[in-house]
Amino acid sequence: MTINAHTHGASTSEAGLHHSERRPAANPGAAHSGTGLGGNSVALIVQEHCPDMLAAAGVVIEHLDAQAGTWQFSADAGQTWRGIRTDLINRPGNLGLALDRDARLRVLPFGGHRVTGARVAFHTVQRSHGQGNGSYRAYASEDRDGGSRTVTLVLSLAAINGAPPAVHVPRPRNKRAMVQRAAAAATAAAGSALSGAMVMA
């Protein structure tokens, strides 16, 4: 039996459910804040949005919202990115993308397409995928290791792509203040020169 548990910023702990859906609390402006594009790690996504789940060595991605944009993953901390075959994992049949906990995930929205949330379905695994990290593999629909169940999240782009990098913006220079400081310095210098001249005289 499949049960969709809709939550808003809260977690569910029904260990007996095989499938659950979680909708994190709305984040104002989230539709426009997913410009980090550095991607969040699998471990961070699970930790922040599934706090009741046991620590896992990785996940198997079962479904990604293909309408949200082009999905990519990185197995080397964001140095290189590879496209994800959503046509493979979203079609009928149990074929998913194996990712270790340190792998990063991101989605590049289609141009002119407003995205408020993207659906991600996965289940956790307790053993590292090893050399299979980033590969497509068949998975069991029932009787998984550790009783892992499919979890569906509806995430904002910022929750997937990470926050935009901090940008240092220099403070605007006040031209009037700069002129005044320069004039004061020039007056002080002139005063010192005049005082020296008087002493010599």
Side-chain angles (χ1 to χ4, degrees), residues 1-27 30 34 39-75 82-110 115-127 129 132-162:
M1 178 176 63
T2 299
I3 299 177
N4 292 330
H6 298 274
T7 64
H8 296 272
S11 62
T12 57
S13 58
E14 300 89 348
L17 298 183
H18 175 68
H19 184 283
S20 62
E21 179 171 330
R22 303 159 189 252
R23 291 177 178 267
N27 179 16
N40 275 331
S41 68
V42 166
L44 182 63
I45 292 175
V46 174
Q47 177 183 347
E48 289 194 347
H49 303 284
C50 307
D52 58 322
M53 298 185 70
L54 297 175
V59 300
V60 174
I61 304 292
E62 302 179 19
H63 179 90
L64 293 172
D65 187 353
Q67 300 300 316
T70 300
W71 290 85
Q72 298 178 331
F73 76 91
S74 173
R82 295 169 55 187
I84 299 176
R85 293 284 306 275
T86 54
D87 60 316
L88 292 181
I89 63 177
N90 290 354
R91 67 185 181 186
N94 297 334
L95 185 67
L97 174 64
L99 294 177
D100 283 341
R101 59 179 285 110
D102 293 330
R104 291 180 174 271
L105 192 67
R106 73 179 183 182
V107 57
L108 308 179
F110 298 127
V115 178
T116 57
R119 191 179 302 271
V120 180
F122 64 89
H123 67 267
T124 59
V125 295
Q126 299 304 312
R127 290 181 292 183
H129 297 295
N133 184 31
S135 65
Y136 299 90
R137 51 167 288 187
Y139 60 88
S141 58
E142 303 287 347
D143 299 325
R144 297 170 182 160
D145 291 341
S148 177
R149 67 186 186 276
T150 298
V151 174
T152 300
L153 302 175
V154 180
L155 303 174
S156 68
L157 294 187
I160 301 167
N161 292 340

Ile84 CD1 to Leu105 CG distance, which is reported to the nearest 0.5 Å: 5.0 Å
Atom CZ of Phe122 and atom CG of Leu64: how far apart are they, to the nearest 0.5 Å? 11.0 Å
Check against side chain to side chain contact (heavy atoms under 4.5 Å, CB included), Phe73 and Val42: CA-CA 10 Å; Phe73 76 91; Val42 166; over 6 Å; no
Which heavy-atom pair separates Gly132 from Ala98 by the least distance, and what is that distance? O-CB, 3.8 Å
If we only count heavy atoms from C-beta on, is the Asp65 to Val107 side-chain gap below 4.5 Å? no
Roughly how far, to the nearest 0.5 Å, is CZ of Arg104 from CG of Asn40? 7.0 Å
Rounded to the nearest 0.5 Å, the NE2 atom of His63 sits from the OG1 atom of Thr152 at a distance of 8.0 Å
Rounded to the nearest 0.5 Å, how far apart are CG of Asn161 and OG of Ser156? 9.0 Å
Using side chain to side chain contact (heavy atoms under 4.5 Å, CB included) as the criterion, point out the one residue from Val60, Ile89, Ile61 that pairs with Tyr136. Ile89
Test your reading of the model: is there a side-chain donor-acceptor pair from Ser148 to the backbone of Thr124, 3.5 Å cut-off? yes
Does any N or O in the side chain of His129 come within less than 3.5 Å of the main-chain N or O of Val59, such that one atom is a donor and the other an acceptor? yes
Would Val115 and Phe110 count as a side chain to side chain contact (heavy atoms under 4.5 Å, CB included) if you check the C-alpha gap in whole Å, the side-chain angles of each, and the deciding distance to 0.1 Å? CA-CA 9 Å; Val115 178; Phe110 298 127; over 6 Å; no
Of Asn94, Asn90, Thr150, the residue whose pairing with Glu62 passes side chain to side chain donor-acceptor pair (under 3.5 Å): Thr150
